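Only a predicted model underlies this, so the values are computations on that prediction, with no experimental measurement involved. These numbers come from the heavy atoms of this one structure, side chains and all, not from hydrogens, waters or symmetry mates.
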Amino acid sequence: MLNFSRGSINFFLFSLLILFAASCGAPQTLRTVFKNQTPYEAYVAKIKDAKLDQTALGQDWIRAGEKALQDSITVTLPFKETGYFSADKPRALGYKIDAKRGERIVVNLEVKARQAMLVFMDMFEAVGNPKHLAFADTVSNTLVYEVEDDVQHVLRVQPELLRSGQYTLTIKSEPTLAFPVAGKTSRNIASIWGDPRDNGARLHEGVDVFAKRGTPVIASSPGVISRVQTTPRGGKVVWLADRDRNQNLYYAHLDSQAVTAGQRIQVGDTLGFVGNTGNARGTAPHLHFGIYRYGQGPTNPYPYLHDSNKPIPAIQVDAEKLGNWVRVSSKAANVRQQPSTKSNVYRQLTQHTPLLVTGAYASWYRVALPNGSEAYIANNLVEATTKPIKYEKLASTTDLLDGASTLAPAKDSLAAGSKIAVLGGFNGYTFVKAENGELGWVQDNVVLGVR
């Protein structure tokens, strides 16, 4: 395996720019060059073709992408995070989403960098071996995906090698279908999927939307009217074939119908009017709306129609800390799996534990712990490491390490008697600033107190 010294990084960067110029130059994207590959797969192929997978940096980049799929952070939508990608440490982000069939997941990424930077965004099903579902174009940095199954999904976000920049990622969900009653929204749904019917003999296979008699019932998708009929249970009904999604939309209890079988329909066309026919006679006028997937039967319409009015949370923390070190300022602090006090505690940290800020969400920082794992911590529990806790001297010559571990590579060698600024500590290691300004870790047993 090849290793790069810092002195050779600039040459390596230049080589990479030459290597990818032909396939990544505007206006082409990696997808247009490699027809049968995603942009991410095409990039990995280029890395391997250039033998960069035999370098430590190339291997770290590939491993980071794999790790993001297994070690992702669960987020609640809508979600907005800003963070920093550092060129010297390959990194990939993994976001786990509890997606529901019928939702449309919309991901937008904004990047601020001195040099043009490719960022790969890919969506996977997080069941067993991750199954690739969708990718973003490397130019637009937007990913849109209609969820087909009620399973957890993972969004992976990874920049190309040797590029630094700040990112802002927004993830939200939206309905795939237009709301079927004019002037109403999902907040007007009164009876939901699975409610008992006929004294528990059956379950409700749809949702009910109550409205004034005669309110227009509209097409939720383009399609073809497959049936217009009257039935004992549904009363006056209309069936709309949504062939793009392999499903039928069912409109029941109509006061009257306004379409005929075989008619082509566009979103928003009037299909009929709200009533209470069929077994709804005697109840307040409402529309029963159902979805029946081809060959699979009924499915819950709510995610197809639900339009959350929850605002995207604003970033409320000091953006200057992005990409920089902070430390725990309180006597003890909890880091959590999600940016919420209701989330499970990942670990409790002691005062002065150093943390590298990798992102920010609302009033929370996303941080890398000294052991390499990532979690969230409230911004009022940390402080900048710009002011040393104290100054000390080294008892003996020692390596300045890149991490709090004996396996971490040495960044420099510090002579016995060297004066160091102590910035924090973790598990038998002291986080220090050397006299030349470089940050790193030394073992506690080589440090002598000065004041």
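Although no hydrogens or angles enter the test, the distance criterion places no donor-acceptor pair under 3.5 Å between the side chain of Gln247 and the main chain of Asp242. Side chain of Ser164 to main chain of Ala87: a donor-acceptor pair is present (N/O by atom type, distance under 3.5 Å, no hydrogens or angles). Although no hydrogens or angles enter the test, the distance criterion places a donor-acceptor pair under 3.5 Å between the side chain of Thr176 and the main chain of Gly102. Looking only at distances, a side-chain donor or acceptor of Arg163 sits under 3.5 Å from a matching main-chain atom of Ala116. Panel note: side chain Gln59, backbone Asp53; a donor-acceptor pair is recorded below 3.5 Å. Judged by distance alone, the side chain of Tyr95 and the main-chain N or O of His153 form no donor-acceptor pair under 3.5 Å. Checking side-chain atoms of Arg227 against main-chain N and O of Trp239 turns up no donor-acceptor pair under 3.5 Å. Put simply, the side chain of Glu41 gets close to the backbone of Thr38: a donor and an acceptor are under 3.5 Å apart.
Note that CG of Asn188 and CG of Asp208 are 12.5 Å apart. Values are rounded to the nearest 0.5 Å. The distance from atom CZ of Phe179 to atom OG of Ser220, rounded to the nearest 0.5 Å, is 8.5 Å. The structure places CD of Gln54 at 9.0 Å from CG of Leu52, a figure rounded to the nearest 0.5 Å. Between the CG atom of Leu161 and the CD1 atom of Ile62 there is a distance of 8.5 Å, given to the nearest 0.5 Å. Separation of atoms OG (Ser373) and CZ (Arg347) is listed at 7.0 Å; rounding is to 0.5 Å. Atoms CD1 and OG1, on Ile171 and Thr76 in that order, are 10.5 Å from each other to the nearest 0.5 Å.
Shortest non-hydrogen contact noted between Tyr429 and Ser405 is OH-C, 3.4 Å.
Ring planes of Phe120 and Tyr40: perpendicular class, angle over 60° (limits at 30 and 60°). Relative ring orientation between Trp441 and Trp325 is described as perpendicular, the plane-to-plane angle rising above 60° on a 0-90° scale split at 30° and 60°. Ring geometry, Tyr43 versus Trp61: the interplanar angle falls from 30° to 60°, so the pair is classed tilted.
Enclosure of atom CD in Glu174 by more than 12 non-hydrogen atoms of other residues, nucleotides or ligands within 6.0 angstrom is indicated. Around the NZ atom of Lys321, the shell of radius 6.0 Å holds more than 12 heavy atoms that belong to other residues, nucleotides or ligands.
In this structure, Arg156 forms no cation-pi arrangement with Phe135, as its terminal cationic atom is not both closer than 6.0 Å to the ring centre and no more than 45° off the ring axis.
With respect to the salt-bridge test (charged N to carboxylate O, under 4.0 angstrom), the residues Arg101 and Glu148 do not qualify. A salt bridge between Asp49 and Lys46 is absent, with no side-chain N of the basic residue lying under 4.0 Å from a carboxylate O of the acidic one. Of the charged side-chain nitrogens involved, at least one lies within less than 4.0 Å of a carboxylate oxygen, so that Asp255 and Arg213 count as a salt-bridged pair.
In this model, no donor atom of one side chain and acceptor atom of the other lie less than 3.5 Å apart for His286 and Asn276. For the residue pair Thr299/Tyr304, the side-chain donor-acceptor check at 3.5 Å is not satisfied. Looking at Tyr376 and Gln338, their side chains never bring a donor and an acceptor atom within 3.5 Å of each other. Under the 3.5 Å distance criterion, with hydrogens and angles disregarded, a donor-acceptor pair is assigned to the side chains of Thr142 and Asn108.
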Check step by step if side chain to side chain contact (heavy atoms under 4.5 Å, CB included) holds for Ser226 and Leu240. CA-CA 6 Å; Ser226 57; Leu240 172 60; over 6 Å; no
What verdict does the side chain to side chain contact (heavy atoms under 4.5 Å, CB included) test give for Thr277 and Thr230, after you've listed the backbone C-alpha separation in whole Å, the side-chain angles of each residue and the deciding distance to 0.1 Å? CA-CA 9 Å; Thr277 57; Thr230 301; over 6 Å; no
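For Tyr167 and Phe85, the distance between ring centers is under 6.0 angstrom. You'll find the ring centres of Phe79 and Tyr361 inside the 6.0 Å limit.
With a 4.5 Å cut-off on side-chain heavy atoms, Leu355 and Leu349 count as touching. In this structure, Pro90 and Leu57 have side chains that are in contact, with non-hydrogen atoms separated by less than 4.5 Å. Side-chain atoms of Leu169 and Met121, non-hydrogen and from C-beta on, do get closer than 4.5 Å to each other. Side-chain contact between Gln257 and Leu254 is present, with at least one heavy-atom pair separated by less than 4.5 Å. No side-chain heavy atom of Val238 sits under 4.5 Å from any side-chain heavy atom of Tyr250. Gln166 has its side chain within reach of Leu322: a pair of non-hydrogen atoms, C-beta onward, lies under 4.5 Å apart. Between Val259 and Val228 there is a side-chain heavy-atom pair separated by less than 4.5 Å. In this structure the side chain of Leu133 never reaches within 4.5 angstrom of the side chain of Phe124, judged on heavy atoms.
Under the side-chain hydrogen bond (donor to acceptor under 3.5 Å, both in side chains) criterion, Asp307 pairs with no residue, sequence neighbours left out. Scored by the side-chain contact (heavy atoms from CB on, under 4.5 Å) test, Ala333 finds Val328, Ser330, Ile377, Leu381 as partners (sequence neighbours excluded). Scored by the ring pair (Phe, Tyr, Trp, His ring centres under 6.0 Å) test, Tyr365 finds no partners at all (sequence neighbours excluded). For Glu81, the salt bridge (charged side-chain N to carboxylate O under 4.0 Å, His left out) partners at least two apart in sequence or on another chain are Arg366.
Evaluation of the side-chain hydrogen bond (donor to acceptor under 3.5 Å, both in side chains) test over residues 289-298, restricted to residues two or more places apart or in two chains, returns Glu205-Tyr292, Arg293-Gln296. Evaluation of the salt bridge (Lys or Arg N to Asp or Glu O under 4.0 Å) test over residues 87-97, restricted to residues two or more places apart or in two chains, returns Lys89-Asp402, Arg91-Glu374.
With respect to Ile291, the side-chain contact (heavy atoms from CB on, under 4.5 Å) criterion is satisfied by exactly one of Leu177, Asn300, Asn248: Leu177.
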